[in-house]
Amino acid sequence: CDELPVRSFLKRGAKYRFRGNDPRPELARAQPSWTVHYQEADWYKHLVLNSTSSQLYHALCNPDENNNICRFDSTVVLPEDLVCDGNCNPDQWGTSKVSCECDIDQARVVRIDPSPESGDSAIYYEYVPDACVQMAFPETVGAVAETSSSSSGIMCADKRLFVGGTACCPANGDQNAKHLCVFRSERVTFDTAQQRCVDAGLQLCNWDTISESDSCGYEMQGEWTGNTAAGFKFSWSNATCTMKAQISQEGTVAIIN
């Protein structure tokens, strides 16, 4: 998976599945159940495509040649490489931003805002990541930690993969972090998380706690709901992480973090 091209979601062959008016992903970790009724842009951040400048918008809209009305297909496969559209500053709160494609590592669900061409309601497409192999013992590892506490839930992960959120601490040594994201439950590489912290005047750290951020969505489903499996749990940390192999008498191998 570490050999996937940069912004593979814009490369020839990238696949998107039509989700209609439902912004919840089907192929990624489920959103906490309490978010079901709060999915509009005013509540949670989405990756919004610019109808004027985004090549990805044009590919998903598939406008009619005569009236320019979008013709949404159930599955869209990009026929050629596309150029990313726009830059923006990741933040902890706020509503959706338009034109942020050049600042993300991987798309999840993209949003097409209502317009005369697309209809009266927002339309969503889910990006289908390419199938790839993740190495059990990667060459470069970093630490990702559970949102609830970095000290109780650290595990090792490949720094080159999009598997963690961004958690940044103040430069004064305070270990109370905050999340930064472009859209809800965004995953980034270690290097992207580190650079985002620097750009915000903060630093990647071995944080103690993280401020809750419904907008970024790096929270766990509460135990009071009876479903602790939902919600994106892990964010990058600069803690030291070492992977070890434990081999049983039968020859099976277990990973020890």
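Just so it is clear, the model here is predicted, and its values are computed rather than measured.
Side-chain contact, T140 with R160: no donor N or O sits under 3.5 Å from an acceptor N or O. For S51 and E117, the side-chain atoms include no donor-acceptor pair closer than 3.5 Å. For the residue pair D199 / Q195, a side-chain donor-acceptor distance below 3.5 Å is found, with atom types taken as modelled. In summary, the side chains of T166 and H179 do not present any donor paired with an acceptor at a separation below 3.5 Å, with no hydrogens or angles considered.
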- Message: Does F9 form a side chain to side chain contact (heavy atoms under 4.5 Å, CB included) with I104? I'd like the steps, not just the answer.
- Response: CA-CA 10 Å; F9 66 95; I104 66 172; 3.6 Å; yes
Practice task
Could you walk me through whether D113 and R111 pass the salt bridge (Lys or Arg N to Asp or Glu O under 4.0 Å) test, one step at a time?
Solution key: CA-CA 6 Å; D113 275 343; R111 174 182 167 112; 2.5 Å; yes
Give the intermediate values and the outcome of side chain to side chain contact (heavy atoms under 4.5 Å, CB included) for residues L161 and Q134. CA-CA 9 Å; L161 303 184; Q134 295 189 25; 3.8 Å; yes
*asked:* Set out, in order, the CA-CA distance, both residues' side-chain angles and the distance that settles side chain to side chain contact (heavy atoms under 4.5 Å, CB included) for T75 and K15, then state yes or no.
replied: CA-CA 7 Å; T75 301; K15 182 186 293 186; 3.8 Å; yes
Please evaluate residues F137 and V253 with respect to the criterion side chain to side chain contact (heavy atoms under 4.5 Å, CB included), reporting the C-alpha separation (whole Å), side-chain torsions for both, the decisive distance (0.1 Å), and the verdict. CA-CA 11 Å; F137 294 94; V253 178; 4.3 Å; yes
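The residues E126 and R17 are annotated as salt-bridged, a charged nitrogen and a carboxylate oxygen being separated by less than 4.0 angstrom. By the 4.0 Å N-to-carboxylate-O rule, E186 lies close enough to R196 to be salt-bridged with it.
Shown here for Q203 and P170, the closest heavy-atom pair between the two residues is NE2-O, 3.6 Å. Minimum interatomic distance between S185 and R108 (heavy atoms only, all atoms of both residues): CB-NH1, 2.6 Å. F190 approaches S237 most closely through the heavy-atom pair CE1-O, 3.7 Å. A pairwise comparison of heavy atoms in C197 and A167 identifies SG-O, 3.8 Å as the closest pair. Of all non-hydrogen atoms in L180 and A200, the two that sit nearest each other are CD1-CB, 3.9 Å. Scanning all heavy atoms of the two residues, the minimum distance from L78 to L56 falls at CD2-CD1, 4.1 Å.
The environment of CG in N67 is crowded: more than 12 heavy-atom neighbours from other residues, nucleotides or ligands sit within 6.0 Å.
The distance from the NE2 atom of H58 to the SG atom of C70 is 9.0 Å, given to the nearest 0.5 Å. One distance of note links CG of L10 with CD of Q106; it measures 11.0 Å at 0.5 Å rounding. Note that the CD1 atom of I256 and the CE atom of M243 stand 10.0 Å from one another [nearest 0.5 Å]. For the atom pair SG of C216 and CD of Q92, the computed distance is 7.0 Å after rounding to the nearest 0.5 Å. If you take CG on L4 and NZ on K11, they are separated by 11.5 Å, rounding to the nearest 0.5 Å. We find the CG-CD distance between D85 and Q55 to be 8.5 Å, quoted to the nearest 0.5 Å.
For the pair Q194 and N238, the minimum side-chain heavy-atom distance is 4.5 Å or more. Using a 4.5 Å heavy-atom threshold, the side chains of Y124 and I112 count as separate. Considering only heavy atoms from C-beta on, P79 stays 4.5 Å or farther from R12 through its side chain. Side-chain contact between L60 and V110: present, with at least one pair of heavy atoms (C-beta onward) separated by less than 4.5 Å. Side chains of L47 and C100 form a contact here, defined as non-hydrogen atoms less than 4.5 Å apart. Using a 4.5 Å heavy-atom threshold, the side chains of N62 and R71 count as touching.
Following chains of ILVMFWY side-chain contacts shorter than 4.5 Å, one can reach I123 starting from Y127, so the two form part of one hydrophobic cluster. Cluster annotation: V163 and M155 are assigned to the same hydrophobic cluster (Ile/Leu/Val/Met/Phe/Trp/Tyr, side-chain heavy-atom contacts under 4.5 Å, transitive). V141 and F162 fall into different hydrophobic clusters, defined by Ile, Leu, Val, Met, Phe, Trp and Tyr side-chain heavy atoms under 4.5 Å apart, directly or through other members. Under the 4.5 Å side-chain heavy-atom criterion for ILVMFWY residues, no single connected hydrophobic cluster contains both V188 and L202.
Judged purely by atom type and a 3.5 angstrom limit, D103 uses its side chain to pair as donor or acceptor with the backbone of C88. Between the side chain of R7 and the backbone N or O of C102 there is at least one donor-acceptor pair closer than 3.5 Å. Formation of a donor-acceptor pair under 3.5 Å by the N50 side chain with backbone atoms of S53 is found in this model.
Ring orientation note: the planes of F18 and Y125 are nearly perpendicular, at an angle over 60° on the 30°/60° scale.
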